[in-house]
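Below is one structure; the comments refer to it alone.
In what follows, chains are A, B, ... by sequence order, proteins preceding strands, each numbered from 1.
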Protein chains: 2
Amino acid sequence: MNQDYIKPDNWSIIEEGFDAESVKSSESLFSIGNGAMGQRANFEENYTGETFQGSYIAGIYYPDKTKVGWWKNGYPKYFAKVLNAPNWIGIDIEINDENLDLNTCTEVKNFRRELNMKEGWYNRSFEAVLQNGTEIGVNIRRFLCMNLDEVGIINYEITALNKDTKIVYKPYVDAGVSNEDANWEEKFWEPMDVKRSGNEAFVTAQTFKTHFKATTFMQNSIFINGKNGNISPSNIKTGTDKIQFSFDVIIAKGQKSSIQKIGGYTVSLNHENTVAAAEAVIKEALAKGYNQLLEEQIEAWAKIWEMSDITIEGDVKAQQGIRFNIFQLNQTYSGKDSRLNIGPKGFTGEKYGGSTYWDTEAYCIPFYMATKDQQVARNLLTYRYNQLDKAIENAKDNLGFKNGAALYPMVTMNGEECHNEWEITHEEIHRNGAIAFAIFNYHRFTGDYSYIPEKGLEVLIGIARFWHQRANFSTDKNQYVILGVTGPNEYENNVNNNFYTNYIAKWCIDYAHEQILKVSLEYPSDHKRIIEKVKLSDAELQEWKKVSGNMYFPYSEKYGVYLQQDGFLDKELVLVKDLDKSQRPINQKWSWDRVLRSPYIKQADTLQGFYFFEDHFTREQLEKHFDFYEPFTVHESSLSPCVHSIQAAKLDKMDMAYTFYLRTSRLDLDDYNKEVEEGCHITSMAGTWMSIVEGFGGMRVKNDALHFSPKIPKEWTGYSFKINFRNQILKVAVNHHDTQLTLEGSKEMTVFINGNAVLVEPNSLVVV
Amino acid sequence: MNQDYIKPDNWSIIEEGFDAESVKSSESLFSIGNGAMGQRANFEENYTGETFQGSYIAGIYYPDKTKVGWWKNGYPKYFAKVLNAPNWIGIDIEINDENLDLNTCTEVKNFRRELNMKEGWYNRSFEAVLQNGTEIGVNIRRFLCMNLDEVGIINYEITALNKDTKIVYKPYVDAGVSNEDANWEEKFWEPMDVKRSGNEAFVTAQTFKTHFKATTFMQNSIFINGKNGNISPSNIKTGTDKIQFSFDVIIAKGQKSSIQKIGGYTVSLNHENTVAAAEAVIKEALAKGYNQLLEEQIEAWAKIWEMSDITIEGDVKAQQGIRFNIFQLNQTYSGKDSRLNIGPKGFTGEKYGGSTYWDTEAYCIPFYMATKDQQVARNLLTYRYNQLDKAIENAKDNLGFKNGAALYPMVTMNGEECHNEWEITHEEIHRNGAIAFAIFNYHRFTGDYSYIPEKGLEVLIGIARFWHQRANFSTDKNQYVILGVTGPNEYENNVNNNFYTNYIAKWCIDYAHEQILKVSLEYPSDHKRIIEKVKLSDAELQEWKKVSGNMYFPYSEKYGVYLQQDGFLDKELVLVKDLDKSQRPINQKWSWDRVLRSPYIKQADTLQGFYFFEDHFTREQLEKHFDFYEPFTVHESSLSPCVHSIQAAKLDKMDMAYTFYLRTSRLDLDDYNKEVEEGCHITSMAGTWMSIVEGFGGMRVKNDALHFSPKIPKEWTGYSFKINFRNQILKVAVNHHDTQLTLEGSKEMTVFINGNAVLVEPNSLVVV
């Protein structure tokens, strides 16, 4: 862990001192995004040291031909890669005829990065001594406009420190980029057109196969001592996929000069004519100018924080952690566009590919539901509804199901499966459960039932059909079993009767059944439309009930716990604490067979079921299962500590809850899993939010009301969060003495604190 | 199935009529080999239709960088590819200035292929009408010399049928070849040198990475009406990796001309100077000349058949099948070179890669042991002994074992694992059992115990150590279990307590233990040497015994059978006969998860255990298990029908035994699995031999004597085979009335027929 590398600060992520070893990690941690595009914290100027270039455009992907060792039926033809997009940030710099390159210059002093999360900008500053003896000070700020979301802006300022200095700014746009994780070392972008006009340049390229068109643009203004010099390029290099300008400036010792580069993307997802759109958006940005754009940025982030901030007093690292998580979530997905979703690495890396995993339903929806307008969560549900046909096709064509059974993909961009390991693609089918659960959860939280007759019921029916067909009757057990699955714990593959999977399968069938009844009573015309469309008979419903009513769940009388899967107790049950530290993380130290037959759990599995279906079990049952499974859990998935933190808080194991909280909230900042250079773990950040709100705050929704059972770690003096509950905003502040409630809204709200009803009037403080 | 495609014939494989659709299948079926090299039945002249080029050199391979979707620890870095070797057979032909190409000529008449297995040559003849109206007759014979095993020879004869004809023969050698199954579309051969001298040419190339050097050579003689014209090339084209000569001939209508091409490989495995070796071997071949080489070929094969032939009377397809199997086995592996082994496709295709699978021990050794000098089987055992260090390294470095535990690779060329799927590489560990069993089997059959103190015991100890460590104690079962394996039935992955695996594991430990005791008593100095080398203590032996003495075997009281694995009875137990035919073969129709959770068995698994350890079970037990498992077996592995045929014969289910026999013996000829174009299933051919000798003949070795319990399918009038038992050759002939025994040897032999001792004197017929 790099615990001294990122400086603790309430509102900013700060790195001090230049260390080539941490460049790639910092490129991830200091990433910026605005929901429509994202940018790793790559240097603008050329850097010959180790770097991982990454620019990303939401919704644009490349179907990279599947690479497997041995083809199996049902494999998807491609893996949808998150595309490294054309480079718009690049500005090569020459200082007195020497290229500025932090890898080769004589000395780098006072290097400092700051990601100001409060205001939404990233700043880098340093002083460099070049090999030619020139000393310069450099300060660069950049941000991706939250409002004008096709635009990013860079202010790159140079001060001549020790002599008169000739500067050549060489900004460029370049579509000649590639992905590090390309399966076949192919390029993903095909150059189409380059265009230049004055200080503006446009490179248009399209993705191979998917034919997404993107115009990458730039506009450059050169300033000397703060004044726009209205300088034109002294040289222009135009290639098939790149345009680079040169601007020459000479400044005297002590003077400053800067280039302001406006850049970004206009894409065919949103525009017919992407070049015209780029010209228009440059005009708009220029009309506002850098300062106004920055002000608007600060305002936009203030508005986001106003609703979604969580404060923690007395523990700056915990405070920094949660804000980093909330910041990244808001950078990644704004909820404006229902075609988009939340990739596990967001805009911070390529790994995993695809944009949509079960993470969205299991972890992200609760966060967006409680911190945004409920339309955002509805958009995320609609995304799956829009892909229902493809989920049915996937189940039918690839996996042999029939009759409208739907299996949603493990990973997708457009509704098609795009993962390529059978143990995941074919067997990690529990994802279907989380998608149904999110519909239930959305209704529970928002009270908006209309989604179900409109769209959700069809999804629930497709999913129930899948589970009905996927289970089989075991004559040996005289019950229905689900064989050959991978549960949330991916450290067990092809197991039988994973408790979580069997449980959620049964629940999905029962829930779908209940909703069919409810819709038939309350929305008869929707019911008629849907039943006719999906051709659902009473006879089929009776068959469903046979399965859900007689599902097998592995259980140990000896331990009084449900077993994670049939064979769990045959394992060599050595606790994690008794495992030599040199063997961790096991997924980097052990061969796969050894991981699989070990009792070690990658992430909450049975406990995930207890999290979703808390009310189905007693507190004593939860405690027994927590005490049994937690000691075997290695938390090598980013999605694990948050659920454990919530469960530990519920069980009053506050020290554990706090430890898990730190682990989830600072997973990337402290690089627990030694892989942050590949990108940040975006989706698990929503789990961090849950671990405060649902863990320490104990928030639940029951019978259309918010319930809390607030607890506070001894390390904190207080914390607060806000919940947008049915269009009223409740602020909850907890300290060691009381809980304070404030309501922004127009009508009173009854909330429950530790089971006791409390009436909160709008705009007046209630202390409990 | 192409049941009319190959003509039934006792001694030859014959195809009549040209069908472009079956070119690739025929290229496999008409392959020739001589143990040192092999050649698919590709046309000599250029063919622009679909073809799968394949020339192979024994022992030469390329480590192709592993291609997987998602890397896992313990994966091998490469997959050892059977290399498509440089082309030595190519002879482009121009007829009156038009290229001869069966894909484009106007008509092909009387096309006929014959693989004469008795004499060891391949003949192709046809008449072609070219687009320019020329009609020619063509007859080509080629063979790979069994004696001069670096040499192949082609006699390519053309008759001018309708007019005076100008022929240009353009023979070439070409190292610019590639593998169809290359992971990264790379070339595997690096050209080094080309040399020409008179009518001879030499292209030397080396494999990338492994640096095997091969000189591919040719020498050409042109004949007109049977007389050597002593013609020199009219043109020579020399590239970096290819030399091509042109020879011009004009013949009158009705006349014949031919080219005799001597070609082949000399390789750095055998020679320092491969070009000099090539020159020498050409000289030797030329001195003998085509006719003498052909005579020697016929003699060599006569000698092989003399010992290894199996005759079947009254059933020409059955006769053709077994001879095809025996022929291919002898083409693939001669037993001369202990560095070589028996690849699953032999010299008939690229698929699978590697040369050594457990097939060698489980299927091939019994065949070679009984039809060759016992040194051949000893060489195959020694091959594994020589790779023991790598098996220990594999277990240690890749899979985390310790203390000299050895895990032999699933697939190998040089002792290193080169498969790349975890469910095979990491989990199909039963292979280790077959390697130990082969040592037991060798001693049982040959009576040669000396191999064990010399070499075998170290292998047995490494293997026993592996099983001891691989098992773990289940506190739940209070027994030792083996979790997460793939048994011989590859249609179940990552299962617990596969009966076959657990059983052979226990046997391996017990057998190793017994041999340690025996060696300590009978070979004390070997014992001392070995124990010191492997550092084996009594304490460790006691630990072994704990595991082998308390191993868990899954068993069903209800069915009275051992279960293939823990979860078998939870499956939906639909019999194969009740499965819709459109769903077969399931591995081509179903997604992998569906295959895995089905009850369908790819190949004998529990029954394989009953085959190896027959004496451990009663006939009633065998029958119960056969009747339980056979109806679930889809035989989609080539290794399955033979074991079922043997077991069925033992159980007097003669119709089934016969059906399985036909399936195993004509698997490729009738293309049961619709894949023969990829190559023939060489290793399972040894299983075919077993199904006659051990199945119908009922041969067993007990207490140093041969036992038979002869049975005969009603479709046959008689059959016979020979067994080389401890350097005496026993011929067994069975008909519906009696069994006839003849002994070639110097001393009498007591054999048992249906349990009754029969004394057989040398060279006198005994009828029982």
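- Residue contact with chain A, scored on non-hydrogen atoms closer than 4.5 Å, involves the side chain of N497(B) exclusively.
- Between N673(B) and Q588(B), the closest side-chain pair of non-hydrogen atoms is not below 4.5 Å.
- Between S598(A) and V574(A) there is no side-chain heavy-atom pair separated by less than 4.5 Å.
- Residue-environment remark: NZ (K396(B)) stays at or below the threshold of 12 foreign heavy atoms within 6.0 Å.
- Only the backbone of W590(B) comes within contact range of chain A, with at least one heavy atom under 4.5 Å from a heavy atom of that chain.
- Heavy atoms of N496(B) lying under 4.5 Å from chain A belong exclusively to its side chain.
- Both the backbone and the side chain of N494(B) come within contact range of chain A, judged by heavy atoms closer than 4.5 Å.
- Ring pair F568(B)/F632(B) is perpendicular by interplanar angle, where above 60° counts as perpendicular and below 30° as parallel.
- Classified by interplanar angle (parallel below 30°, tilted 30° to 60°, perpendicular above 60°), the ring pair H430(A)/W358(A) is perpendicular.
- Here L399(A) is the residue among L399(A), V595(A), L573(A) with the most heavy-atom pairs under 4.5 Å with chain B.
- There is no contact between E492(B) and chain A, counting heavy-atom distances below 4.5 Å.
- Using a 4.5 Å cut-off between heavy atoms, K589(B) contacts chain A through its backbone alone, with no side-chain atom that close.
- Using the six-membered ring where Trp is involved, F553(B) and Y503(B) have ring planes that are tilted, between 30° and 60° apart.
- Heavy-atom pairs under 4.5 Å with chain B were tallied for G567(A), G484(A), S556(A), S474(A); the largest tally goes to S474(A).
- Residue K67(B) touches chain A through both its backbone and its side chain, counting heavy-atom pairs closer than 4.5 Å.
- Aromatic ring pairs are classed by plane angle as parallel below 30°, tilted from 30° to 60° and perpendicular above 60°; the pair W592(B) and Y491(B) is perpendicular.
- For L596(A), the part lying near chain B is the side chain, with the backbone staying farther off; criterion is any non-hydrogen pair under 4.5 Å.
- Enclosure of atom NZ in K624(A) is not indicated, since only 12 or fewer non-hydrogen atoms of other residues, nucleotides or ligands lie within 6.0 angstrom.
- Contacts between F401(B) and chain A at a heavy-atom distance below 4.5 Å involve the side chain alone, from C-beta outward.
- Using a 4.5 Å cut-off on side-chain heavy atoms (C-beta onward), F499(A) and Y552(A) make no contact.
- Residue D566(A) touches chain B through its side chain alone, counting heavy-atom pairs closer than 4.5 Å.
- For the set K477(B), E185(B), R594(B), the count of heavy-atom pairs under 4.5 angstrom toward chain A peaks at K477(B).
- Between chain A and the options F79(B), F473(B), W184(B), the largest number of non-hydrogen pairs under 4.5 Å is found for W184(B).
- Remark: side-chain polar atoms of D593(B) are not paired, donor with acceptor, to backbone N or O of W422(A) under 3.5 angstrom.
- Nearest heavy-atom pair, Q564(A) versus D605(A), reported as atom, atom and distance to 0.1 Å: OE1-CB, 3.6 Å.
- When heavy atoms are compared at a cutoff of 4.5 Å, E421(B) approaches chain A solely by way of its side chain, counted from C-beta outward.
- The contact between R597(B) and chain A is made by backbone and side chain atoms together, counting heavy-atom distances below 4.5 Å.
- Only the backbone of N398(B) comes within contact range of chain A, judged by heavy atoms closer than 4.5 Å.
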